[in-house]
Amino acid sequence: MTGQAGSLDAGTAWQAIFHAQVRTSLRCSYVNRSRSQPAAADFSVEKYGAKTREKEECDEQLLAEYATLLGFYIASAAVLTRLATEKDRFPRRFSLLDLALLGIATHKLSRIVAKDRITSILRAPFVTYICSAGAGEVEEEPRGRGIQRGIGHLVSCPYCMAPWCATALAFSLLFAPRATRFFAGILASVAASDFLQRAYLAAKDKT
């Protein structure tokens, strides 16, 4: 009986030591984790393009240059809007045909400006050629610093160019509707031809 009591006391002591060590380990890990976490998140605009260990390969965010381009876009749109208002050029509404025509023309014009191989001469001061993307298009990346790189981001991205092209076509439709519909029809025809060419190649590959 005495041996059993001694073994029980020893077992109880070892269990107490084990639980104490576990509690100490958990408390230390919690304290270290709490100290490693930042006190508060930094939502300042200045940190938006900051280089971090996780995004060392990401490109810098040119907020000042983007603000300049955005300011130019807004100022141009405001001047044209005032001019159109003074001349009473705004229609009460766009027809569905005009909206469809402008949509397709914007799609094609933005890709011509940002991706077409022939217009690469216009983008050359702001971008660097990477490779051919097929179907008469190229892959490019912005180059340089400051406003040069900011413009490079704009002119090499068809999605970024789309609002600019849409705005230009819309105001052109207000001031010169007949000419705009004519050239927008050309762009729409080219866009339709592109899809037909791709459909032809796809059908040819299946045969």
Side-chain angles (χ1 to χ4, degrees), residues 44-81 99-176 179-202:
S44 61
V45 175
E46 289 77 9
K47 298 295 184 181
Y48 177 65
K51 298 289 185 180
T52 63
R53 191 178 308 171
E54 292 78 12
K55 50 180 290 188
E56 289 179 351
E57 300 300 325
C58 293
D59 201 2
E60 61 183 341
Q61 295 299 316
L62 310 171
L63 292 185
E65 288 74 13
Y66 294 158
T68 301
L69 293 172
L70 183 60
F72 175 77
Y73 173 85
I74 294 175
S76 301
V79 170
L80 291 172
T81 299
L99 286 176
L101 184 62
L102 289 179
I104 299 173
T106 296
H107 163 77
K108 188 55 190 177
L109 181 59
S110 63
R111 296 205 70 85
I112 289 176
V113 173
K115 288 292 185 181
D116 195 89
R117 182 181 297 276
I118 303 301
T119 57
S120 60
I121 186 62
L122 303 177
R123 301 186 301 272
F126 311 103
V127 300
T128 300
Y129 174 81
I130 299 177
C131 64
S132 173
E137 295 185 342
V138 294
E139 286 292 336
E140 298 165 331
E141 63 179 1
R143 66 181 176 90
R145 308 286 295 182
I147 193 64
Q148 178 190 21
R149 194 170 190 85
I151 296 175
H153 278 290
L154 175 64
V155 300
S156 61
C157 171
Y159 299 97
C160 304
M161 283 302 307
W164 295 69
C165 294
T167 302
L169 289 171
F171 278 107
S172 179
L173 184 64
L174 295 182
F175 294 108
T180 302
R181 288 190 179 95
F182 176 75
F183 286 106
I186 293 176
L187 292 171
S189 299
V190 176
S193 175
D194 289 345
F195 284 103
L196 290 174
Q197 295 284 3
R198 292 181 181 274
Y200 172 79
L201 292 176

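Since the model is a prediction, treat every value here as computed from it, not as a measurement.
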Q | Under 3.5 Å donor-acceptor, Gln148 side chain and Pro125 backbone | A | yes
Q. Side chain of Arg149, backbone of Pro142: donor and acceptor closer than 3.5 Å?
A. yes
Does [atom1] in [X] sit with more than 12 non-hydrogen atoms of other residues, nucleotides or ligands closer than 6.0 Å?
X      : atom1 : result
Tyr129 : OH    : yes
Phe175 : CZ    : yes
Arg198 : CZ    : no

Atom [atom1] in [X], atom [atom2] in [Y]: separation rounded to 0.5 Å?
X      : Y      : atom1 : atom2 : value
Phe183 : Ile186 : CZ    : CD1   : 5.5 Å
Phe195 : Ile104 : CZ    : CD1   : 9.0 Å
Lys115 : Cys157 : NZ    : SG    : 8.0 Å
Leu109 : Leu102 : CG    : CG    : 11.0 Å
Thr167 : Ile74  : OG1   : CD1   : 11.0 Å
Asp116 : Ile121 : CG    : CD1   : 13.0 Å

Q: Determine, for Asp194 against Arg111, whether the closest basic-nitrogen to carboxylate-oxygen distance falls under 4.0 angstrom.
A: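 Looking at Arg111 together with Asp194, the answer is no, because their closest N to O distance does not fall below 4.0 Å.
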**Q.** Geometric class of the Trp164/Phe72 ring pair [parallel <30°, tilted 30-60°, perpendicular >60°]
**A.** parallel
Could you tell me which non-hydrogen atom of [X] sits nearest to which non-hydrogen atom of [Y], and how far apart they are?
X      : Y      : answer
Met161 : Leu154 : CG-O, 3.3 Å
Ile112 : Arg123 : O-NH1, 3.8 Å
Cys165 : Thr106 : CB-CG2, 4.3 Å
Arg143 : Thr128 : CD-OG1, 3.1 Å
Pro158 : Ala114 : N-CB, 3.5 Å
Thr180 : Ser172 : OG1-OG, 2.5 Å

Side chains of [X] and [Y] in contact at under 4.5 Å (non-hydrogen atoms):
X      : Y      : result
Val113 : Thr119 : no
Glu140 : Phe126 : no
Leu173 : Leu101 : no
Val155 : Leu122 : no

